[in-house]
Amino acid sequence: MFSRFYPDRIEKSVYDIDFTELYSQGKRGILFDIDNTLVMHGADADRKSEDLFVRLHLLGFKTCLISNNDEERVIRFNKNINTNYVYKAGKPFDRGYKKGIELMGTDINSTLFVGDQLFTDIWGAKKCGIDNIMVEKISPKEEIQIVLKRILERIVLREYRRKIKTEMKTSEKV
């Protein structure tokens, strides 16, 4: 019932992802959510996020920010990142994801999405057929509509973790 919302993977932080391994697996483009994925909600890019994008570009990745925020917010974050971006992306609808892929010149199979919310970020990527990684939110401070979605996310993630645990036990028996 909840499987359409399950992320492909969960990582503690975007900074814990092994991007070198993903590149070796054929990933060439990465779509990123901004708020609570790369920085705290509403924050400008910091040295850590700027360094991440430099590293990704040196590895050969193309990158794109996709955000439901307005253009001013995305431009402010992107000031020192200098990557492609899609604002008012309409996540979880596919328009923003497809636009990001187009801007990067990649395709669905070589693209990865990284975000912190199940019902916008991850679900949208899954509907488009894009591999995805969910990261834990950076800060507990969020807008009220997001706080309400987080309650439902906990239910779905509990089921996801049960499924993963069951699969691990089954594979150990084989």
Side-chain angles (χ1 to χ4, degrees), residues 1-39 45 48-69 71 74 77-78 81-138 149 153 156-157 159-161 163-168 170-171 174:
M1 175 165 84
F2 294 130
S3 62
R4 73 176 133 209
F5 302 112
Y6 291 168
D8 294 333
R9 276 178 39 200
I10 297 178
E11 295 285 346
K12 178 131 184 83
S13 163
V14 69
Y15 305 103
D16 294 331
I17 298 170
D18 186 346
F19 290 105
T20 304
E21 176 65 23
L22 291 166
Y23 194 86
S24 74
Q25 293 171 0
K27 295 302 175 195
R28 295 297 181 264
I30 307 173
L31 300 169
F32 285 98
D33 173 56
I34 300 172
D35 288 326
N36 262 334
T37 297
L38 293 164
V39 292
K48 196 172 184 179
S49 57
E50 291 169 3
D51 289 348
L52 172 67
F53 279 84
V54 167
R55 191 172 127 247
L56 291 171
H57 295 152
L58 287 173
L59 283 171
F61 281 108
K62 295 179 180 176
T63 58
C64 183
L65 306 169
I66 70 167
S67 175
N68 285 348
N69 281 301
E71 189 173 25
V74 178
F77 176 83
N78 196 31
I81 302 290
N82 299 312
T83 192
N84 297 299
Y85 65 86
V86 178
Y87 66 96
K88 291 190 178 179
K91 296 179 288 182
F93 299 106
D94 63 0
R95 178 184 57 83
Y97 298 88
K98 288 179 178 178
K99 179 69 173 171
I101 289 170
E102 179 185 319
L103 289 170
M104 292 187 300
T106 57
D107 60 34
I108 288 172
N109 295 323
S110 64
T111 301
L112 173 74
F113 177 84
V114 181
D116 70 299
Q117 292 187 56
L118 276 183
F119 300 122
T120 50
D121 298 333
I122 301 304
W123 188 32
K126 288 183 73 76
K127 289 188 329 183
C128 289
I130 301 170
D131 289 343
N132 58 82
I133 298 175
M134 182 177 184
V135 294
E136 294 179 16
K137 66 181 178 176
I138 293 174
K149 285 191 280 185
E153 279 186 4
V156 174
L157 288 172
E159 292 303 313
Y160 168 78
R161 288 184 175 103
K163 175 187 171 276
I164 297 299
K165 201 175 205 178
T166 301
E167 288 175 358
M168 289 174 63
T170 303
S171 68
V174 174

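We number each residue from 1, following the sequence as shown.
Without hydrogens or angle criteria, N68 side chain to G90 main chain gives a donor-acceptor distance under 3.5 Å. A donor-acceptor pair under 3.5 Å is formed between the side chain of K91 and the backbone N or O of I66. Between the side chain of Y97 and the backbone N or O of P92 there is no donor-acceptor pair closer than 3.5 Å. Between the Y85 side chain and the G100 main chain, no donor and acceptor come within less than 3.5 Å of each other. With hydrogens and angles disregarded, no donor-acceptor distance shorter than 3.5 Å links the side chain of T63 to the backbone of T83. Between the side chain of K126 and the main chain of Y6, a donor-acceptor pair closer than 3.5 Å is present.
Checked options D131, T106, T111; the residue passing with K27 is D131 (criterion: side-chain hydrogen bond (donor to acceptor under 3.5 Å, both in side chains)).
Surrounding CZ of F93 are at most 12 heavy atoms belonging to other residues, nucleotides or ligands under 6.0 Å away. Y87 OH: 12 or fewer foreign heavy atoms inside a 6.0 Å radius.
The CG atom of N82 sits 9.0 Å away from the CD atom of E50 when rounded to the nearest 0.5 Å. To the nearest 0.5 angstrom, E11 atom CD is 12.5 Å from M134 atom CE. Residue I17 holds its CD1 atom at 7.5 Å from CD1 of I30, rounded to the nearest 0.5 Å. To the nearest 0.5 Å, atom CD1 of residue I133 and atom CZ of residue F32 are 9.0 Å apart. Taking CD1 from I138 and NZ from K12, the interatomic distance works out to 11.0 Å, rounded to the nearest 0.5 Å. Going from atom CG of L31 over to atom CE of M104 covers 4.0 Å, rounded to the nearest 0.5 Å.
V39 and A45 get closest at one heavy-atom pair: CG1-CA, 4.2 Å. In plain terms, the two heavy atoms of G26 and S110 that are nearest each other are O-CB, 3.6 Å. Nearest heavy atoms, K137 versus D116: CB-OD2, 3.9 Å. Of all heavy-atom pairs between P7 and N132, the closest is CA-OD1, 3.3 Å. Considering every non-hydrogen atom in both S67 and V74, the closest pair reads CB-CG2, 3.7 Å. Closest approach of V14 to L52, counting heavy atoms only: CG2-CD2, 4.1 Å.
Side-chain contact check for F77 versus L38: some heavy-atom pair is nearer than 4.5 Å. Between Y15 and V135 there is no side-chain heavy-atom pair separated by less than 4.5 Å.
Taking the ring axis of F61 as reference, the NZ or CZ atom of R28 does not stay both within 45° of it and closer than 6.0 Å to the ring centre.
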*Full working for side chain to side chain contact (heavy atoms under 4.5 Å, CB included) between T20 and Y23*: CA-CA 5 Å; T20 304; Y23 194 86; 5.8 Å; no
